[in-house]
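Remember, it's 1-based here, ligands and their atoms both numbered in the order they're listed. Values reported hereafter were calculated over all heavy atoms of this structure, with side chains retained and with hydrogens, waters and symmetry mates removed.
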Amino acid sequence: MSDKPDKLITDDGLRLDGRRADEIRPMKIEIGVLSRADGSCYLEWGRNKILVGVFGPREAHPRRLQRADTAVIRYRYNMASFSVEDRARPGPSRRSIEISKVSREAFEPVIMAELFPKTAIDIFVEILQADAGTRTAAINASSIALADAGIPMKGLVTSCAFGKVDGQIVLDLNKEEDNYGEADFPVAMTQDGEITLLQMDGHLTPEEIKKGLELIKKGCKEILEIQQTVLRKKFETPVEEPEAKAEETEIEAEETEPSLEYAPEAAVVEEVIEEAEELEEELSEETTEAGAVTETVPEAEELEEIVKEAEAEVVDGEAIEEAIEAEAEEEAEEETEEEAEEEAEEEAEEEAEEEAEEEAEEEAEEEAEEEAEEEAEEEAEEEAEEEAKGPWKVVKDPSESGSRGENDE
Ligand code: UDP
């Protein structure tokens with residue numbers, strides 16, 4: 001075990017791992033890590049490493065443990081022998097039995113066990129690496145594993161400890177703070193703020209407890225957010241935003257509209273024509289005025305120039321319109337040519353098919369005729385042969401009739 005450091009909190013208020021008094025250690029959660037468990041979670045919190053597997057609701061064994069009105073919740077906290085600096089003795093200890101009991105009780109108010117009578121819900125906790133606060137870390141991981149198993153719960157349970165270090169109240173003790181601090185105070189609460197676990201190791205004044213519980217509220221809120229994020233990531237189905245959908249359909253509608261190559265230019269031409277007409281009207285009005293007022297003449301000249309320019313643009317516009325028409329005509333011609341070619345091809349194909357059918361029919365008829373002739377000839381030959389043999393019946397050669405023939409002799 002390492003020696004006690006001179007100070008656990010530096011003069012500038014920082015702890016040995018660089019945290020402030022109200023900060024929790026970094027937490028990392030992985031969900032659904034065990035394929036044989038109904039729900040599972042791997043959690044790292046600072047240097048703690050914890051694995052939780054949840055099984056059930058399943059038939060409770062031994063049967064004498066079954067309860068007719070509810071499921072039995074079982075919680076087993078186990079420290080791997082390699083999880084601590086000095087080897088931990090394998091198997092249950094006073095400490096692990098105590099932690100298992102209080103942790104089970106921390107979940108009993110939220111698990112809706114009454115829905116599954118005669119069953120058991122088993123929560124197995126394996127501490128792979130311990131660095132203070134393992135019971136609180138295990139509760140946070142179990143909460144996720146239970147949710148992963150789909151066990152109905154009124155809410156998640158979050159857990160965190162506060163303690164007294166160098167006379168100061170700090171949140172979430174690390175190993176040195178736990179070993180050399182003055183007090184350790186683990187708490188678990190539902191997401192509604194209902195406390196389901198509360199333990200104390202050391203001495204604290206009521207004011208210190210009050211201050212510590214405020215820190216716990218802050219810590220548990222942060223942990224709950226992490227838990228919810230992980231669960232949402234796994235179970236939330238992304239919902240398509242209706243606005244985004246509307247935008248998509250708009251884009252699609254734009255895409256499906258026939259693309260007019262000259263459409264923008266045509267719009268410009270129309271605008272220019274309109275502007276020119278307006279200017280002409282204004283000009284005619286102003287020129288009449290200009291006859292009377294000489295000062296307005298330069299403006300009229302300017303307007304004339306604008307009109308000329310506009311007319312030039314109109315000419316351009318006309319040219320574009322002509323180009324559009326010409327192209328449309330060319331396309332129409334090309335289309336008619338293509339159609340004509342297609343029609344000719346179709347006709348040729350139809351003719352070829354008809355000819356092939358006719359040929360096939362003729363061949364079939366010829367074959368039928370030939371067959372009929374051959375049959376008629378064969379029949380005629382057979383009849384002629386029979387007639388030539390006379391009115392006698394054809395009998396078998398006695399030599400072919402075996403023993404019977406022999407007996408006749
Ligand atoms: N510890 C240990 N050996 C043991 C039990 C605990 O080294 O047999 C260490 C371990 O790092 C643990 C810390 O002491 O996290 C504090 O243990 P405590 O009983 O306070 O429980 P915890 O804070 O882990 O919930």
Any N/O of [X] closer than 3.5 Å to an N/O of ligand 1?
X: Ala132; result: yes
X: Thr134; result: yes
X: Asn48; result: no
X: Lys175; result: no
X: Met79; result: no

NZ/NE/NH1/NH2 to OD/OE distance under 4.0 Å, Lys175 and Asp131: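 Answer for the salt bridge query: no.
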Phe55 vs Phe124 aromatic rings, parallel, tilted or perpendicular, using cut-offs 30° and 60°?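 The rings of Phe55 and Phe124 stand perpendicular, inter-plane angle above 60°.
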Would you say Glu85 contacts ligand 1, with heavy atoms under 4.0 Å as the rule?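 Judged by the 4.0 Å heavy-atom criterion, Glu85 does not count as contacting ligand 1.
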With a heavy-atom distance limit of 4.0 Å, tell me whether Asp86 approaches ligand 1 through its side chain, its backbone, both, or neither.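 For Asp86, there is no contact with ligand 1 at all, from either part.
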Ligand 1 versus Ala88, non-hydrogen atoms closer than 4.0 Å: side chain, backbone, both, neither?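 Answer for Ala88: neither.
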Counting C-beta onward and ignoring hydrogens, is there a side-chain heavy-atom pair between Lys154 and Glu194 closer than 4.5 Å?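 The answer is no, as the side chains (C-beta and beyond) never meet within the 4.5 Å cut-off.
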Is there a side-chain contact between Ile24 and Glu222, using heavy atoms and a 4.5 Å cut-off?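 Yes, their side chains come closer than 4.5 Å.
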Pairwise distance CD(Gln129) to CH2(Trp45) - rounded to 0.5 angstrom: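 Result: 15.5 Å between the selected atoms.
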Find the distance between CD (Gln66) and NE2 (His61) and round it off to the nearest 0.5 Å.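 Reported value, rounded in 0.5 Å steps: 7.0 Å.
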Any idea which atoms of ligand 1 are less than 4.0 Å away from a heavy-atom of Ala130?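 Ligand 1 atoms under the 4.0 Å threshold to Ala130: 10 (C), 11 (O), 15 (O).
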Going by distance alone, is a donor N or O of one side chain under 3.5 Å from an acceptor N or O of the other, for Asp192 and Thr190?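 Side-chain D/A pair, Asp192 to Thr190: absent.
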